Amino acid sequence: MTAGADTLAGRLAAVRAGIDAACHAAGRDPSEVTLLPVSKTFEASVVAEAAALGLRRFGENKAQEIQAKATELAALGLDWVVIGHLQTNKARVVARYASEVQSLDRLDLAVALDKALQAQGRGLDVLVQLKTSHEDSKTGLAPSGLPAFLRELKAFSALRVCGLMTIAEHTADEAQVRANFRELYQCRDRAQQESGHELARLSMGMSGDYPLAIAEGSTEVRIGSSIFGHRNYKTEPSR
Ligand SMILES: *Cc1c(COP(=O)(O)O)cnc(C)c1O
């Protein structure tokens, strides 16, 4: 099959090649870095097209959008990953339709998710989102709060804490972006030593900065526009 650069298959192949190249440049094995395609704002039909190319997990930032797409595409058995800021009142929808939340950033959300999951007899993989950049628009837990938060999370048996997530500052200053990613890596190492929690996964890197994230130890890159094209935000503020 030939895949032109302007097709989903072509863009996906280019991103995979980019991940391989970044791993090679960093002296890392490409099998250490997972691709999470981010399908937010794109129609279920586009996700179905991506699923036909072999993609099984999709990142979304809204609970309602996951509910709608998961319902429409139920027959495909896809996994839905929450990567956006979550309101506590969305916990039940998330507990029902998502397989993972990467944006866990506060105790009241953990309480609500655990309660909804227990009621449904399910468990959920979670990553703790840390705010490593200094932009006001970014959400996430302050890194200094991580050790205490990890201790608190032990009380929630439906939440499997697997690692950390961050969003780097939106800037052309590569040193600044790398510093944000490096901070996540260092927080992980400190937290593992202090708490004994195994935090194997580091979700960091997006279309504009994933090679830097891979150089700084990312195990998962969340790529939206480089795969699916430009987003057409209807209700969302731009980042
Ligand atoms: C939208 C989004 C992405 C993907 O962004 P692109 O720049 O389109 O690759 C990654 N992570 C989070 C948290 C997002 O909200």
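Whatever order the structure lists ligands and atoms in, that order sets their numbers, starting from 1. Keep in mind that what you see is a predicted model, and the values were worked out from it rather than measured.
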Below 3.5 angstrom, do we get any N/O pair linking Arg222 and ligand 1? yes

Contact (N/O only, under 3.5 Å) between Gly224 and ligand 1: yes

Any side-chain heavy-atom pair from Arg231 and Phe42 closer than 4.5 angstrom? yes

In short, ring-ring contact (aromatic ring centres under 6.0 Å, His included) pairs touching residues 67-105 with sequence neighbours left out are Phe58-Trp80

Mark up the atoms of ligand 1 that fall under 4.0 Å of a heavy atom belonging to [X], in ascending order.
| X | value |
| --- | --- |
| Ile167 | 13 (C) |
| Ser207 | 6 (P), 7 (O), 8 (O), 9 (O) |
| Ile223 | 9 (O) |

Does the distance from a Lys or Arg side-chain N to an Asp or Glu carboxylate O, for Arg201 and Glu220, drop under 4.0 Å? yes

When you check the gap from the basic side-chain N to the acidic O, do Arg178 and Glu174 get nearer than 4.0 Å? no

Heavy atoms only, cut-off 4.0 Å: how does Asn61 contact ligand 1, side chain, backbone, both, or neither? neither

Given that the side chain starts at C-beta and the backbone is N, CA, C, O, which of these parts of Gln102 lies under 4.0 Å from ligand 1, counting heavy atoms, or is it both or neither? neither

What pairs with Asp173 under side chain to side chain donor-acceptor pair (under 3.5 Å), at least two apart in sequence or on another chain? none

